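Order of the sequence lines fixes the chain letters, A, B, ..., with proteins taken first and strands second; residue numbering starts at 1 for each chain. Because the structure is predicted, anything quoted here is derived from the model rather than measured.
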2 protein chains.
Amino acid sequence: MADVNKKQKGQYHHGDLRRALMQAAVDLVAESGVEGFTLREAAKRAGVSAAAPYRHFSDRADLLAAVATEGFNRLLPALQAAIDRTEDDSMAAIAGLGLAFVEFGVSNPSHFKLMYGPHLPDRAAHPELGDLDLEGFRMLSQAIARAQEEGRLTTGEPRQMALVSFALVYGAVSSYLDGEMTRLGFSTREAQAMLEAGGFYLLRGLARS
Amino acid sequence: MADVNKKQKGQYHHGDLRRALMQAAVDLVAESGVEGFTLREAAKRAGVSAAAPYRHFSDRADLLAAVATEGFNRLLPALQAAIDRTEDDSMAAIAGLGLAFVEFGVSNPSHFKLMYGPHLPDRAAHPELGDLDLEGFRMLSQAIARAQEEGRLTTGEPRQMALVSFALVYGAVSSYLDGEMTRLGFSTREAQAMLEAGGFYLLRGLARS
DNA sequence: ACCTGAACACCGTTCAAGT
DNA sequence: ACCTGAACACCGTTCAAGT
């Protein structure tokens, strides 16, 4: 049960330096935000020199993008599972997607910040990120379209209704992670209650009257 | 009409270095994000040495916090104006608050990011920021309470309904500013349309049935 | 009171050299 | 193929010294 996060003393090769660096990034972001992450500190925690990361990542941003990609690769199956779990109820599927998204963000704050935050300077350099992002959004759009076909949601562009829903859950999670809710005097419990109520209010507004 | 942003050549005193540094910060954040802002570059643009800013700000974070404070000092009057403009219609006041918030964010992206983003490492060091933040939130809560008294919104904790509304507009603005909407394939026009529709859907959900 | 110049510790990144 | 050590340009911050 060797610790894969640190190089064995005296060993020349690391084992899985790529993994260890990504884990160090997640830890550092959790500890002190994305600004608090430095390549040198990540290398130090993995027990290698400051130059070693450049064998595995082209630069600092490339490492962060790899963590973001890992995040999408965790989120998308969770969203799919939420849909599968509610095969019979199209409205429940939409609510389930929202809850799964929120749960993912709260459980994976470092990943979430890198996936959706302003920290990746050149997203064009990582096209796979955009593709994964779009795929999640398409799941939501399709769930909304399905509910419309069943006559349970009001008419309107599914894409637009999806974007409204996304803005709500995205705003909820990121303002929570940024500490805005705490600043406004909400406890974690209250914040959670509001998330559920928020989804309820919005769904009510989207519902067929 | 002297350029207050640069020190006159040969002049020893600057004139208003504090202002010039804050303006440089706004510009740098707009150009390359908060990560792209450096104290040294701001000082360079103001025409002073790298140590000069420390006469006016205790450190880098203090300068950024000053810009955030300036942002709240612009936002709050805009919110108040939105309320005054719709004295007679409590529902219009809520919608007006949302639109004013969105308009502020789109027009003052650098300020908005610093006010609500994760970039200020120690917000406790700047208590006035939390106060101003809360004041804006109280405006929204009161508008909601008023609409409830008039029987136009469903019952429920105004604070909680305000938080839901805040999450929606906050999510809309910050995902727009972070480029997420563009990534999802929405044009600026579409994004704007969705903002309006989003407010409509949510208000509909909050309305008394 | 306000600013400069030099200094320190730190960072991202490169590159020749080691195993 | 993978990593080290030294180097470079840059950054935040401090401090003695200048005006």
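Annotation: side chain to side chain donor-acceptor pair (under 3.5 Å) contacts of Arg19(A) (sequence neighbours excluded): Glu70(A). With sequence neighbours excluded, no residue forms a side chain to side chain donor-acceptor pair (under 3.5 Å) with Glu135(A). Every side chain to side chain contact (heavy atoms under 4.5 Å, CB included) that Ala61(B) has, sequence neighbours left out, goes to Asp59(B), Pro121(B). The salt bridge (Lys or Arg N to Asp or Glu O under 4.0 Å) test applied to Arg183(B) returns Glu180(B), not counting sequence neighbours. Partners of Tyr201(A) according to the side chain to side chain donor-acceptor pair (under 3.5 Å) rule, which considers only residues two or more places apart in sequence or in another chain, do not exist here. Under the rule for a side chain to side chain contact (heavy atoms under 4.5 Å, CB included), the partners of Ala92(B) that lie at least two apart in sequence or sit in another chain are Thr86(B), Asp89(B). In this view, Asn73(B) satisfies the side chain to side chain donor-acceptor pair (under 3.5 Å) rule with no residue, not counting sequence neighbours.
Between His56(A) and dA1(D) there is no side-chain polar atom (N or O) within less than 4.0 angstrom of OP1 or OP2.
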Taking Watson-Crick and G-U wobble contacts under 3.5 angstrom, with | marking pairs to another strand and [ ] crossing pairs, the secondary structure of DNA chain D is written ||.|||||...|||||.||

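Using a 4.0 Å cut-off on heavy atoms, the residues of residues 17-35 of chain A that approach DNA chain D are Leu17(A), listed by number.
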Identify the pairs formed between an N or O of the protein and an N or O of nucleotides 11-13 of chain C at a distance under 3.5 Å, and give each distance.
residue: dG12(C); atom: OP1; partner: Leu39(A); partner atom: N; Å: 2.8
residue: dG12(C); atom: OP2; partner: Leu39(A); partner atom: N; Å: 3.2
residue: dG12(C); atom: OP2; partner: Arg40(A); partner atom: N; Å: 3.1
residue: dG12(C); atom: N7; partner: Arg40(A); partner atom: NH1; Å: 2.5
residue: dG12(C); atom: O6; partner: Arg40(A); partner atom: NH1; Å: 2.9
residue: dT13(C); atom: OP2; partner: Tyr54(A); partner atom: OH; Å: 2.9
residue: dT13(C); atom: OP2; partner: Arg60(A); partner atom: N; Å: 2.9
residue: dT13(C); atom: O5'; partner: Tyr54(A); partner atom: OH; Å: 3.1
residue: dT13(C); atom: O4; partner: Arg40(A); partner atom: NH1; Å: 3.4

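Between the side chain of Glu41(A) and the backbone N or O of Thr38(A) there is no donor-acceptor pair closer than 3.5 Å.
Within the structure, ring-ring contact (aromatic ring centres under 6.0 Å, His included) pairs that include any residue of residues 18-74 of chain A comprise Phe72(A)-Tyr116(A) (at least two apart or interchain).
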Kindly list each side-chain donor-acceptor pair under 3.5 angstrom involving residues 26-35 of chain B, sequence neighbours excluded, with atom names and distances?
residue: Asp27(B); atom: OD1; partner: Gln23(B); partner atom: NE2; Å: 2.9
residue: Glu31(B); atom: OE1; partner: Arg45(B); partner atom: NH2; Å: 2.9
residue: Glu31(B); atom: OE2; partner: Arg45(B); partner atom: NH1; Å: 3.0
residue: Ser32(B); atom: OG; partner: Leu28(B); partner atom: O; Å: 3.3
residue: Glu35(B); atom: OE2; partner: His119(A); partner atom: ND1; Å: 2.7

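Between the P atom of dA1(D) and the CG atom of Asp16(A) lies a distance of 18 Å, rounded to the nearest Å.
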